[in-house]
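Working notes, beginning with the structure itself.
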Amino acid sequence: MVNPAYRLLLGMIVLLSVVQSLSAQAPNASVAGQAGNNYSPASYHPGAPHKMQYAPVQQYYEPGPEYYGNVDQYQSEYSGMITRVLPVDRGWAYDHPWDGLFKNLANNSWMRVEYLLWKAPPGNQLVGADLPSGNDPRLPYAIEDPDGTFNLEAKEADLSSIGRVGSNGIRGTFGIDFERGSIEAIFFGMQTDESSVSYGKPDLARTNFTADDLINTNYDLSNSIAIQTLLDGQVSTAGRRFNQKFSINYQTQAWGAESNYVINTERLFFRTYYGAGGLQIRPLVGFRYLKIGEEMLIKGSFEDQAETATTPVALFESTIDTSTDNKLYVPQAGIRMEFIHPWFTISAEPKVGFGVNNYSGSVLTNQFLSAADPTHITSFSRTRFAPTFEFGVNARIHLNQNFTFNVGYNFLWANQVARAGDIIYYNTSSANPTTGVSLQAQDSLDSYKLHGLVIGGEFSWP
C-alpha cells in the first residue's frame, strides 16, 4: 500500500506541472518588468522634442490575457479541489481601456505658471478741455481770478505720469497634446495698479491774495492747476482753478481667460513637424474673455479770503469720480512659430481677435462749480465691436525632460475700450452757472495696451 504522504507529494508535482503549462500558453503574456508587444512609451508635448512622439490612445491599452476561464477546466483529479490561475498584476492603466485613456492624457499633459509684471498706462490724457487760443493747456496760460480779471496764470494736469511702474500678476496655462493638435486653457489676473499725482500748497497758489497780486501782470502762478470746461458745448474760458491742493488717483485692473486649439497639419502652405526639432509653424484658433476695469478720483480745493476780494470764497473741495467696466468676448486666430532645440525653444505667437465689448461708465461730481453745486451722477452702457491683437515672444530653457524655465515679453492691445480718463465731458451750462449739472459721462472709447515681462516655469507629467 502506497503511503498517503507519497500520494500527496505526487499530486502536488502534477498540479504544478499543469499550472506551468497553462501559464506558458497564455496569450500576450509579458515578462515581469517588461512591457507587452503593443506598448508604446508616453509622448511629450512639442516644447521638448527630446521625448517620444505621440502615439494613438488605443496603443496604450494592451488587452488582458484570457486568464478568466471556466473554473471547471482547472478541476483537479482529486475530489473537492479546484485551481484557478489569476492574471499577472501589470499595474494601473492596463486592465481597462478607460485606464489607458486617462494615463495617456496624463502623460501628454503639461502646466505652465508665470509671473507677470505688466502695465497699462492711460496715456498723455488731459484733465480738462482745450483752450480757446488753441495753445497747449499743459503750459501756463492766463486765467480769471475771483474778481473776473485775467491777472493770474494756471495750467492743466495730464495723466502722463500715471501707470508707468506697472503691477504684479500671474498667468497659468494647462495643455494636453494630441496626435492632431493641442488644447490649451489659459487664465491670467493682474493686481490692481494704483498710481497718483498730487500738488500741495507749496506747489499751487498762496492762500491769500493781496491787491498787488491782482494788478501786477508780472505775478506768475504758473503752478496753479485748473480744469477748463466748455460752455454750452463751445470752447470757452470757463472752468475751475485749485489753489490749495489737487490730486489724481488712478486705478486699473484686468483679468481674462482663453482657450485655444493648436493644429498639427501639413495641408497649409507650410508644413509642420509635430514632436520634432527645428522650425515649427502651427495655426491656432480659440476664444478669449477679457475684463478691464478702471477708476479715476480727482480732488481739488479752492479758497479766496483776500481782504481786497469783492466776493470772498470759503474753502471747499471739488470731487470728480469716474469708473468704467469692459467685458470683451473675442473669437481669435493666430500662428505659433517655434524653433526647437533639445536644450532650448524660442517662440513667437501673434493672435488677432474680432469680438464685442459690453461696457459701461459713470461720472460723479460734487461741488465742482462751487460749494453750492450738489452731487451729480451720470452713466451710460453700450455694446460695440472690439478688435484685439496679442503678440508674445518667449525663450525656454529645457532644464530636464519634465521642467523648463521661461522668460519672455507679452503685448496685448484692445480697441474700443472705455477708459476712466476719457469718459468725462468737460462742459458747464450757462443757464445754471453754479448749481447746474457740472460734468457728464460721455460715450468715448479709446485703445487699451497691456504689456510687460513674463517669467515662469513649465512642468510636464512624466
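Numbering starts at 1 and runs along the sequence shown. Quick caveat, the model's predicted, so the values are computed rather than measured.
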Examine distances only and state if a side-chain atom of Asn357 and a backbone atom of Lys327 form a donor-acceptor pair shorter than 3.5 Å.
yes
Hey, what's the ring geometry for His341 with Phe344, parallel, tilted or perpendicular (30° and 60° as the breaks)?
parallel
Ignoring hydrogens and angles, tell me if any N or O in the side chain of Thr428 forms a donor-acceptor pair with the backbone of Leu231 under 3.5 Å.
no
Do the charged groups of Glu317 and Lys299 touch, with an N to O distance under 4.0 Å?
yes
Any side-chain to backbone donor/acceptor pair from Asn326 onto Ala418? Under 3.5 Å, distance only.
yes
Rounded to the nearest 0.5 Å, how far apart are NE2 of His451 and CG of Leu116?
13.5 Å
Before accepting this row, confirm whether a basic side-chain N of the pair Lys119/Asp193 lies closer than 4.0 Å to the acidic partner's carboxylate O.
no
Taking Asp136 for the side chain and Leu139 for the main chain, is one N or O donor matched with an acceptor at less than 3.5 Å?
no
Tell me whether Gln253 contacts the main-chain N or O of Met190 through its side chain, where contact means a donor paired with an acceptor under 3.5 Å.
yes
Considering only NZ, NE, NH1 and NH2 on the basic side and carboxylate oxygens on the acidic side, decide whether Asp446 and Arg419 come within less than 4.0 Å.
no
Here the gap from Ile186 atom CD1 to Arg171 atom CZ, rounded to the nearest 0.5 Å, amounts to 6.5 Å
Side-chain donor-acceptor pair present, Asp158, Gln125, cut-off under 3.5 Å
no
Look at the side chain of Ser318 and the backbone N and O of Gln367, then say whether any donor-acceptor pair between them is shorter than 3.5 Å.
yes
Any donor-acceptor N or O pair under 3.5 Å, side chains Ser247, Lys245
no
Any carboxylate oxygen within less than 4.0 angstrom of a Lys/Arg side-chain nitrogen, looking at Arg336 and Glu184?
yes
Do Asn427 and Thr229 get their side chains close enough for a donor-acceptor pair, meaning under 3.5 Å?
no
Side-chain donor/acceptor of Thr322 to backbone N/O of Ala420, under 3.5 Å
yes
Side-chain donor-acceptor contact under 3.5 Å, Gln332 with Asn260:
yes
Evaluate the criterion side-chain hydrogen bond (donor to acceptor under 3.5 Å, both in side chains) for residue pair Asn366 and Thr375; output intermediate values, then yes/no.
CA-CA 4 Å; Asn366 182 48; Thr375 300; 2.9 Å; yes
For the rings on Tyr409 and Trp118, is their centre-to-centre separation under 6.0 Å?
no
Say you draw a straight line from CG of Leu328 to CD1 of Ile292; how long is it, rounded to the nearest 0.5 Å?
5.5 Å
Rounded distance (nearest 0.5 Å) linking atom CD1 of Ile298 with atom CG of Leu364
12.0 Å
I'd like to know if the side chain of Glu156 reaches the main chain of Gln228, judged simply by a donor and an acceptor atom lying under 3.5 Å from each other, with no hydrogens or angles considered.
yes
Which value, rounded to the nearest 0.5 Å, describes the distance between Met111 atom CE and Phe174 atom CZ?
8.0 Å
Shortest non-hydrogen pair, Leu369 vs Phe316, comes out as O-CZ, 4.3 Å
Would a distance-only check, ignoring hydrogens and angles, find a side-chain to backbone donor-acceptor pair under 3.5 Å from Thr365 to Ile320?
no
Ionic contact status for Lys291 with Asp325, cut-off 4.0 Å:
yes
Looking only at heavy atoms, which two atoms of Phe385 and Gly355 are closest? And how far apart?
CD1-O, 3.3 Å
Which atom pair, heavy atoms only, marks the closest approach of Asn124 to Ser160?
OD1-CB, 3.3 Å
Taken to the nearest 0.5 Å, the spacing of Ser236 OG from Asp130 CG works out to 11.5 Å
Taking atom types as modelled, find out whether Thr252 and Glu294 have a side-chain donor-acceptor pair closer than 3.5 angstrom.
yes
